[in-house]
Amino acid sequence: MIHHTSKLPNVGTTIFTVMSQLAAKENAINLSQGFPNFPSDPILIEMVQQALRENYNQYAPMPGAVILREAIAEKMEYLYQKTYNPATEIVVTAGATQAIFTIVSAFVRPEDEVIIFTPAYDCYAPAVEAHGGKVVPIQLQGKAFSVDWDEVRSKISSKTKLMIINTPHNPSGTVLSKADMLELSSILEDTNIILLSDEVYEHIIFDGEQHQSAALFPKLAERAFITASFGKTFHNTGWKMGYCVAPKELMDEFKKVHQFNVFSVNHPMQIGIGKYLKNPAHYLQLPAFFQEKRDFFLHAIKDSRFTWTPSQGTYFQVLSYDNITNELDTEFAKRLTRENKIASIPLSVFNTNKEDHKLLRFCFAKTEETLEKAATILNKI
Ligand code: PMP
Ligand code: GLN
């Protein structure tokens, strides 16, 4: 028996694996882990197949295939009027998860503080803790999951190295407004704090809202890594493809780690996605596409006992079960999976001290057939 002290003593198996496994075992409809159950665009599949046939089967350049980095730069310019140099300021990663871990690894030293907003996506805190950093959580407030910017000011210290924001926000389905971003910009202006802006749902935003990318705010962009996920954008989470952008000086440090934790990522996928991304129509249609799914789902459960505020972005809808039971959300989510055959994600696992507000997250990136079956179940609860 080898004795060791865990670097992550409080980390168990991620809730996404726990709930997806339970859903499979119980043969339940799986609206827990966030992934679509409809296929990627056949045009994209063909572009990847073509890359395979054309033998893009050896290592890609370390920061990513040129065609893809150029397409990302064009997209950033087109959507946010912000120029990123594809040669020095863009790196293709194995999903946003690797980008996030690599950013933390490149900058966070033992005792450094990292501010995160809870409920927070579950890969942030362990990445910080694995590097000896200290997580400083700030709880989002009320049903709107709004940020208390005075609290943010009060939590910043001389040890704050990094702040992680996420808009559209997983798990709540809320978005940061322009006013929020301007407030953040003024708070960070005279500091050396690096911003990690996790924008994996940038194209999944509803009701005519504009995504407030950190790229739109010069004082944020100058200190920001922006992370993105092709899995979320193009319905292929299993490909584990993403990227990040940042000013050259920050990206130089990122690359020092990236080249040794992965070197480069899947080459044929990069070529296929690079060609596909050149056509803005492929991402401009996404808000309407997902809004239709959100509206279909919410209409189908309108007579249920759950209550909600419609999701503003992401492909998640949070439902409150205040009217139904007092059970812990973790218990209720498991019971619904076992007894009612529908799986969701309890929000408390993303909160500081596992605070339970009786909320479950449902993924509506599903076919209408699946959403209809899910609604039939939810309406009976
Ligand atoms: N950040 C957030 C907020 C997420 O929901 C996810 C899951 N897609 C990720 C990062 C990780 O993305 P990827 O699957 O590309 O690693
Ligand atoms: N981002 C996905 C979600 O929020 C899960 C990704 C994962 O399983 N790691 O459900």
Side-chain angles (χ1 to χ4, degrees), residues 8 11 14 34 91 93 95-141 145-149 151-157 159-176 180-181 183-185 187-188 191-202 211-217 219-229 232 242-247 250-251 253-254 257-258 313-314 347 349-352:
L8 299 170
V11 172
T14 165
V91 173
T93 58
T97 310
Q98 184 238 315
I100 292 163
F101 198 90
T102 302
I103 293 161
V104 172
S105 185
F107 293 97
V108 174
R109 294 187 170 86
E111 309 305 326
D112 280 348
E113 293 180 0
V114 177
I115 293 180
I116 68 169
F117 295 88
T118 53
Y121 185 61
D122 71 346
C123 80
Y124 305 155
V128 173
E129 283 158 3
H131 291 88
K134 184 173 167 237
V135 173
V136 177
I138 295 177
Q139 186 71 26
L140 298 169
Q141 301 291 313
F145 292 87
S146 44
V147 180
D148 178 346
W149 291 110
E151 186 180 355
V152 176
R153 275 191 197 85
S154 75
K155 293 266 169 80
I156 288 178
S157 81
K159 291 185 177 168
T160 311
K161 170 67 60 158
L162 180 70
M163 181 185 290
I164 306 180
I165 60 170
N166 170 219
T167 184
H169 182 252
N170 181 10
S172 72
T174 58
V175 300
L176 290 174
D180 285 321
M181 297 303 271
E183 188 83 40
L184 177 63
S185 185
I187 291 174
L188 294 182
T191 71
N192 282 315
I193 299 169
I194 296 165
L195 180 68
L196 194 176
S197 186
D198 184 355
E199 303 184 12
V200 298
Y201 300 101
E202 67 184 310
H211 169 58
Q212 298 297 330
S213 172
L216 289 166
F217 302 86
K219 293 286 171 198
L220 293 179
E222 70 183 18
R223 67 183 67 244
F225 279 92
I226 297 173
T227 56
S229 168
K232 295 290 165 182
Y243 64 90
C244 63
V245 302
L250 294 177
M251 198 54 102
E253 289 303 313
F254 178 95
V257 178
H258 175 81
T314 74
L347 254 70
V349 300
F350 307 116
N351 276 336
T352 320

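Start at 1 with the first residue, then count along the sequence. What you see is a predicted model, and the numbers here were worked out from it, not measured in a lab. The figures here come from the full heavy-atom set of this structure, side chains too, leaving out hydrogens, waters and symmetry mates.
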Provide the closest heavy-atom pair for [X] versus [Y] in the form atom of the first, atom of the second, distance.
X      : Y      : result
Leu140 : Pro119 : CD1-CD, 4.3 Å
His211 : Leu216 : O-CD1, 3.6 Å
Leu220 : Ala214 : CB-O, 3.9 Å
Pro137 : Thr352 : CB-OG1, 3.5 Å
Pro171 : Leu347 : CG-CG, 3.8 Å
Ala106 : Glu253 : CB-O, 3.8 Å

Nearest 0.5 Å please: distance from the [atom1] atom of [X] over to the [atom2] atom of [Y].
X      : Y      : atom1 : atom2 : value
Ser229 : Ile100 : OG    : CD1   : 9.0 Å
Cys244 : Gln98  : SG    : CD    : 8.0 Å
Glu222 : Leu195 : CD    : CG    : 11.0 Å
Glu183 : Arg153 : CD    : CZ    : 4.5 Å
Ile194 : Leu188 : CD1   : CG    : 11.0 Å
Phe145 : Gln139 : CZ    : CD    : 8.0 Å

Exercise. Give me the one residue out of Ile156, Val136, Ile193, Val135 that meets side chain to side chain contact (heavy atoms under 4.5 Å, CB included) with Glu113.
Key: Val136
Side chain to side chain, [X] and [Y], heavy atoms closer than 4.5 Å:
X      : Y      : result
Lys134 : Lys159 : no
Val257 : Phe101 : no
Met163 : Leu184 : yes
Phe107 : Leu196 : no
Met251 : Val91  : yes
Phe350 : Thr118 : no
Val114 : Ile164 : yes
Leu162 : Asp112 : no

Counting distance only, does the side-chain N/O of [X] pair as donor-acceptor with the main-chain N or O of [Y] below 3.5 Å?
X      : Y      : result
Ser105 : Thr102 : no
Thr167 : Leu176 : yes
Thr93  : Gly95  : yes
Asn166 : Pro168 : yes
Arg223 : Thr191 : yes

Quiz item: Do other residues, nucleotides or ligands put more than 12 heavy atoms under 6.0 Å from Lys155 NZ?
Solution: yes
Practice problem: Before giving the answer on side-chain contact (heavy atoms from CB on, under 4.5 Å), spell out for Ile115 and Ile138 the whole-Å C-alpha distance, their side-chain angles and the decisive distance to 0.1 Å. | Solution: CA-CA 7 Å; Ile115 293 180; Ile138 295 177; 3.7 Å; yes
Quiz prompt | Parallel, tilted or perpendicular: ring planes of Tyr124 versus Tyr121, cut at 30 and 60 degrees | solution = perpendicular
Quiz item: Are Lys232 and Glu199 within salt-bridge range, i.e. N to O under 4.0 Å?
Solution: no
